[in-house]
Amino acid sequence: MDTNFLDELNIAQKKAVENTDGPVLIVAGPGSGKTRVITSRIAYLIQRQGVNPYNIAAVTFTNKAASEMKDRLSSMLGSDAARVTASTFHSFCSMVLRREGAAVGLDRDFVIFDDDDQIDTIKKAMKDLDIDPKSFAPRNILSRISNSKSQLIDYEQFVKQKGNYYDEVVGRVFENYENTLSQSNAADFDDLLMKTHDLFLNNPSVLENYQNRFIYLMVDEFQDTNIAQYGIAKQIAGTHRNLCVVGDPDQSIYSWRNADIRNILSFRDDFPEADLIPLEENYRSTQTILEGARELISANKERVEKNLWTRNDKGNLITVVEGYNEDEEAHLVLKEIVRILDSGKHSQKDIAVMYRVNAQSRTFEMACQKYRIPYQIVGGIKFYQRKEIKDITAYLRTLLNPNDSISLARIINMPTRGLGQRTINEITRIARVNNLSMFEVIEKLTDPDSETETLGIQLSKRALNSLEQFRDLITSLRSKIDNDLINLIDSVVQQTGYHKYLQNDQEQGEERLENIQEYMNSAREYAHMENREGLTTFLESVALVSDIDDLDDSEESITLITLHQAKGLEFPAVFMVGMEEGILPHRRAIETGDPSELEEERRLCYVGMTRAQSLLYMMRAFRRGFRGGLEPSAPSRFLSEIPRNLIHMPGLDNQSTENSTTRNQKSSQANPGKNIKRSKTMRTQNTVTSNNRIVKPKSPTRRKRVVNKIAPPIPTSSYSAGEKVSHGTFGEGIVMNCEASGDDLQVTVAFKSDAGVKKLLASLAKLTKL
DNA sequence: AATTAGGCATTTTTT
DNA sequence: ATGCCTAATT
């Protein structure tokens, strides 16, 4: 147990730690030891001031940050740490609502609707209201609704506001959307916050309990909180006023998710007695990196100047490298990574590649495979968003709450059981007219005693039969709801016919069954819980996990991550890629012409740069693929905002005679796998026999939650011009040309048949040599 | 009812 | 290039 934690702090940090009485605003620059301050502050409260750990809460942005905080606390405090509340706003609220939700119309078994469910709900609402999704993008409507709710404006207030035609439409969808949620006993992300706020607002005695429970409240990443989150913090800290918020306006990058930077200003109004403590000494980065980042961010107008400094060395210059296209960009990054690894100074886990949009990750994944560098990728296609996982989850939710029509609609004909669009339309119609849930309609329709004739049913005997079977399926599974969770999931997979359905799927069945297996594994930790509590807790965790939570920083692999997700992390070596106009800053920020959006892009760039401890690379490509074709891509304006004397450009400093085209050619021929023992023998000959099909690496992005994978062997086969081949569809032909295309081979074949000359990918086309 | 083909819009970041 | 939705086909 560490009792001398105070000795390790600088003056400002110490002040932040010891200043426990009353409100505090800590403005923490990047790398200024923010997490250490928060944990030390908690330790100080408990050990020096005798505060009961039970009375302390710290709210963070991600589960990962929360669990790291807990880890650090337990090494400082031992068993007391477990009694401190450390969680995200969303899971905090969800905990409150499970206990007290009845007061705001939520049953304790409520489910949390994630993004996909929300979109489904919006679409259903639009269908009900006969609004054309082509004229009104569901996504935009949702974001409007979410924006409203995150400012604690419910649909009644929303429709009252004078608005344009668009908002009038949104208002109608909003109402329907809210009705569906409440009928489904569901809460979306914003509800977790808004309903908690409502609860506290309307039930002073409940609020009082929480005020007295959480006498000390800390909020991390305060610059990224929205109005609702800050509102809740204010409510809880209302009487004791021991609210400590920690943030950095320069790292505010979530305004698109309704984070409201004005919270920092409001805080000073709401708590005028608050102490402001700036943390300005940076322990993370070299002088050069810090100065570059500082210069960059100083271009923002909406900002308060900070005086960041460091005792660290000057270190290396920031390396700016320009590649021909995105492939070469990736190639240059990987080449440099191999060099860094060979130097022995850093290992894989010290290195991160950061990009603006997830779509950029693919090139780097393929490059990692080619170079056989193990990597972890955060995000991309999310595990819980896979169809099979969502289907099983929807079954589980339906069991918990059959009135959840969104989930029910998802699985009513999955796998197919003769309940097609027509039947579903009819059920939703009846449901709408009679204000019933879909399941209630199904029960009525299949109940021989009820008088259904009056409803004007237009369903075949056959459909009614299938409905009856479906009802029995759900009822029978529902009787097992208090069984062991693993058991329950297994019953669902078996009895619904889902297992069989996947077994018959030649293409993806196997992988999907594995995913379900993985899903069951992750359910295991909830299996010991009593009755249905395991189920509700599991479903909650499924909805509230974030990708970053799965990042394993002890793993020996490099990290591929978006700039947003990288916030709060640090790496000895960072590659920021796609430093181009249109990527960073993103096109959208440029096109709107809104200066504040550009400033947010700049902050994003700032966040990226300040993740780096000693090596920072900023990469760009001259041309980038866009909508199929290649388009020229101009260097990011942010590059020119970094002082030239901090930058080193290998291409220009050393080998300025070489133009990009020749570099491109050279690089695509460079031996990518020189550190791989087997590769030399493997790639010498075209030794592939006709039945030794080349396997294209599985599309990299669809893997587990966090892909952690070492590359499969490099394709070793080749075709040479003049060779005769045969193709399943096109028949016989002669190879004209064969060249590398990514990991694959592109073969040009002239066929004898009418097919003529075709370009084929060796891995996909089943070519047989003759 | 289910599968397939073709047309259309589309690309930010996520608790 | 990809994915999503509608229309057409069996």
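The chains referred to below are lettered A, B, ... by the order of the sequence lines, with proteins before strands, and numbering in each begins at 1.
Within the 4.0 angstrom heavy-atom criterion, only backbone atoms of the sugar-phosphate kind lie near A:Lys123; the bases stay farther away. The residue A:Thr416 sits close only to the backbone: its heavy atoms come under 4.0 Å of sugar-phosphate atoms, none of a base. At a threshold of 4.0 angstrom between heavy atoms, the contacts of A:Asp114 with the nucleic acid are absent. Residue A:Phe61 is classed as a sugar-phosphate contact, given heavy-atom separations below 4.0 Å to backbone atoms only.
Taking the side chain of A:Trp256 as heavy atoms from C-beta on, and the options B:dA1, B:dT14, B:dT11, the nearest nucleotide is B:dT14. The side chain of A:Arg257 lies closest to B:dT15 when the candidates are B:dA2, B:dT15, B:dA1. The side chain of A:Gln565 lies closest to B:dT14, out of B:dT14, C:dC5, B:dT11. Comparing B:dT11, B:dT13, B:dT15 by their closest approach to the side chain of A:His586 singles out B:dT11.
What separates CD1 of A:Ile253 from P of B:dT15 is a distance of 12 Å, to the nearest Å. Straight-line distance from the CG atom of A:Leu584 to the C1' atom of B:dT11: 16 Å, rounded to whole Å. Atom OH of A:Tyr355 and atom C1' of B:dT11 are 15 Å apart (whole Å). Taking atom CZ on A:Phe89 and atom C1' on B:dT14, their separation rounds to 16 Å, with Å as the unit. Here B:dA9 presents its C1' atom at 15 Å from CZ of A:Arg139, a figure rounded to the nearest Å. Remark: C1' of B:dT11 and CD of A:Glu631 are 13 Å apart, rounded to the nearest angstrom. Between the CE atom of A:Met576 and the P atom of B:dT13 there is a distance of 16 Å, given to the nearest Å. Atom OH in A:Tyr230 sits about 24 Å away from atom P in B:dT15, given to the nearest Å.
Closest-nucleotide positions on DNA chain B for A:Ala137 and A:Thr562 were compared, and the one nearer the 5' end corresponds to A:Ala137. Heavy-atom distances to DNA chain B give each of A:Glu601 and A:Thr62 a nearest nucleotide, and the one nearer the 5′ end belongs to A:Glu601.
Look at the C1' atom in both B:dT11 and C:dT6: the space between them is 22 Å, to the nearest Å.
In this structure, A:Tyr254 forms no aromatic stack with the base of B:dT14, since the conditions of centre separation below 5.5 Å and plane angle below 30° are not both met.
Note on A:Arg603 versus A:Glu600: salt bridge recorded, some NZ/NE/NH1/NH2 to OD/OE distance being below 4.0 Å. Salt-bridge annotation for A:Glu631 and A:Arg624: absent, with no side-chain N of the basic residue lying under 4.0 Å from a carboxylate O of the acidic one.
Between the side chain of A:Asn226 and the main chain of A:Asp260, no donor-acceptor pair closer than 3.5 Å is present.
Under 4.0 angstrom from either OP1 or OP2 of B:dT15 there lies no side-chain N or O belonging to A:Asn226. Residue A:Asn258 places none of its side-chain N or O atoms closer than 4.0 Å to OP1 or OP2 of B:dT15. The side chain of A:Asn358 places an N or O atom within less than 4.0 Å of a non-bridging phosphate oxygen (OP1 or OP2) of B:dT13.
In this structure, A:Lys234 fails the cation-pi test against A:Phe200, since its NZ or CZ atom is not both closer than 6.0 Å to the six-membered ring centre and inside 45 degrees of the ring normal. Stacking of A:Arg417 on the aromatic ring of A:Phe470 is not recorded, the 6.0 Å distance cut-off and the 45° axial limit not both being met.
Close placement of the A:Tyr519 and A:Phe538 rings is indicated, their centers lying within 6.0 Å of each other.
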